[in-house]
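Down below is the structure, laid out as structure tokens.
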Amino acid sequence: MPDDIMHICYIYIYDYRVLQDIGLTFDNRFVFRKDDDTLYIERTKYPLPENFWGSGIYSLTGIVGENGSGKSTALHLMKKLFVEGEPRNAGVDVLIVYEGNGNLYVYNPQGMNIHAEEGISISFIAERRCIKTLYYSGHFQPYTGADGEMELAGSYDASDSWMLIRDLLDYSNVDAIHLAEPIYNHLSAYYAQNNYRICELLLLKDIDKLLYSLRLPKYVIIAPNMGGLNEIKLDHRGRFKGIAIPKEKYLSKDAKGYALERIIYYDIVNLIAEEKVDQGIAIEFLDSWLRIKKSKCVDDDFENFVEKYNCSDNDKVCFRSIAKVISIIAKVCNCDPKYGVLFIDIRTGADNLRLLITEILRNRFFLTARFFDIFYGHELYGFQRLSSGELEMLNLLSRLYYGITLLPQKFDNKDAPRLLLLDEAEIGFHPEWQRQYVKIITEFMNYMMVKGGVDFQIVVTSHSPIILSDLPVSCINFLHREGGTTYLKTDEPQTFGENVFQLYRRAFFMKDGLVGEFATNKLKYIQDNISDLNNSNVDKMIAIVGDERIRKYFISFFALTRY
């Protein structure tokens, strides 16, 4: 059976870390039940309607449970099982059921007995099948290479942890594995390419209509990067002792020229801080430039100044890089005269934003210095930047778009990933965005996949009951850990459209209720001391109780103790 039309239906895990003798289902159309040494396979009585998740999504499955129950472990196992390049016998004992064109294919190295309902066609295969995989985690854990974790040919890791490595590898052609390069190089590459991915996302046709509820930014704002000056002032290692940086002095009379001058100033200071040029030459260069009378075209003035300045070839290359960046910024950016802000209006400046991406953000030389900062804003005044949650959403969607659409276009041998693993990707989102999370992901994936003819499987882990209420119970694997053992809970009632508070109690095993533990202890304190007439704290605490029924109960009881 060809790999490219295979989907995952079921994985039985004999023993992998905390997951032992557990079967996970990823296809709502089938029911899998293991009894002793036999796996029984039946058709679901009430499968989901056709195209329930959209025409580009084969299945969407949730894995939920408390911390330590094995949710992330399950996703890491799936990477081991399905990513091309992983050893075919990676020391994990599993049974896997795949689907292709309505038939089931079973990888069964342990020889478990299989009993399928009449009409279900089964074939046995000797090797696991590879599936192109995209992985994203909402957690940041700097990559160490522990336990053989690695992005291989058949996978794309869109998590911050791996991007910190990958961006420098991809765009600088250096051996950056295990953060071997200076951390600044990694952060610079990550920063630049993250902006590249976000800008590519913002340029998608009708993206604002598709993601209308997210309030996408209106402006890309270009600002000076002051990191070098701060580094010189702190000077932890004593590298800049006795160095006097010329003070800022800008001679341009128009707002745009002034803004460009500021970027030039800090770019040269950054070169000094990074020790990419001779410090004495750079300080002399900066001092001379600050004294030059500027015309209305600061970018042209600077380029001419660089070409005429007498310095080494190495230093001139660095100065020319700044001149190139300034020339492009001057071309693509408008400037708000009131606030002196350089910006691109995404709604009307798509061509300019594309030029910025092509000429700077895609270019490797941009990673060699801190040329400028990019912010995204709804307004220009006060640098109203996006919230951390808004940036998290842009990160997630831009990396999905890059991994699914842009990356395969760059390399002939890369196919679009079809298995999408999202490990608590929503943890930085406001509850309202958690409520929209499944809708946003499915609509966004359909937007991309229908164009590419891709049929995706999506697996999400989450602690959010709001997200759980968007998933039918037949599409959820409930993991519960108790007494050092993780088991699969199979007696859950329907979850789709369920009350969030009920889901908190049942699906997340919150046996002690939904009131915060600190408040619970205070309520117990009230209950235990309510008859103490000399305890004034009880009266004060009753007044701040939020639940009306509890507060009225305490007030009534408190009143009775006074008579």
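Judged as a side-chain hydrogen bond (donor to acceptor under 3.5 Å, both in side chains), and not counting sequence neighbours, the contacts of Asp21 are Tyr12. For Glu392, the side-chain contact (heavy atoms from CB on, under 4.5 Å) partners at least two apart in sequence or on another chain are Tyr136, Asn395, Phe429. With sequence neighbours excluded, the residues satisfying side-chain hydrogen bond (donor to acceptor under 3.5 Å, both in side chains) with Ser159 are Asp157. Tyr437 meets the side-chain hydrogen bond (donor to acceptor under 3.5 Å, both in side chains) test with no other residue; sequence neighbours excluded. By the side-chain contact (heavy atoms from CB on, under 4.5 Å) test, Phe30 is found to be paired with Cys9, Asp27, Phe32, Ile41, Arg43, Leu104, Ile120, residues two or more places apart in sequence or in another chain being considered. Under the rule for a ring pair (Phe, Tyr, Trp, His ring centres under 6.0 Å), Tyr401 has no partner lying at least two apart in sequence or in another chain. In this view, Phe26 satisfies the ring pair (Phe, Tyr, Trp, His ring centres under 6.0 Å) rule with no residue, not counting sequence neighbours. Every residue two or more places apart in sequence or in another chain that forms a ring pair (Phe, Tyr, Trp, His ring centres under 6.0 Å) with Phe343 is listed here: Tyr219. Residues satisfying the side-chain hydrogen bond (donor to acceptor under 3.5 Å, both in side chains) criterion with Thr61, sequence neighbours excluded, are absent altogether. The ring pair (Phe, Tyr, Trp, His ring centres under 6.0 Å) search around Phe124 returns none, not counting sequence neighbours. Listed by chain and number, the residues in a salt bridge (Lys or Arg N to Asp or Glu O under 4.0 Å) with Asp160 are Arg399 (sequence neighbours excluded).
A heavy-atom distance below 4.5 Å is found between the side chains of Asp373 and Tyr191.
Ring planes of Tyr196 and Tyr402: perpendicular class, angle over 60° (limits at 30 and 60°). Tyr98 and Phe82 have perpendicular rings, their planes meeting at more than 60° on a 0 to 90° scale where under 30° would count as parallel.
Screening His480, Lys71, Arg481 against Glu66 for a side-chain hydrogen bond (donor to acceptor under 3.5 Å, both in side chains) leaves a single residue, His480.
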Could you tabulate the donor-acceptor pairs under 3.5 Å formed by side-chain atoms of residues 200-209, not counting sequence neighbours?
unit_1 : atom_1 : unit_2 : atom_2 : d
Glu200 : OE1    : Arg354 : NH1    : 2.8
Glu200 : OE2    : Arg354 : NH1    : 3.3
Glu200 : OE2    : Arg362 : NH2    : 2.8

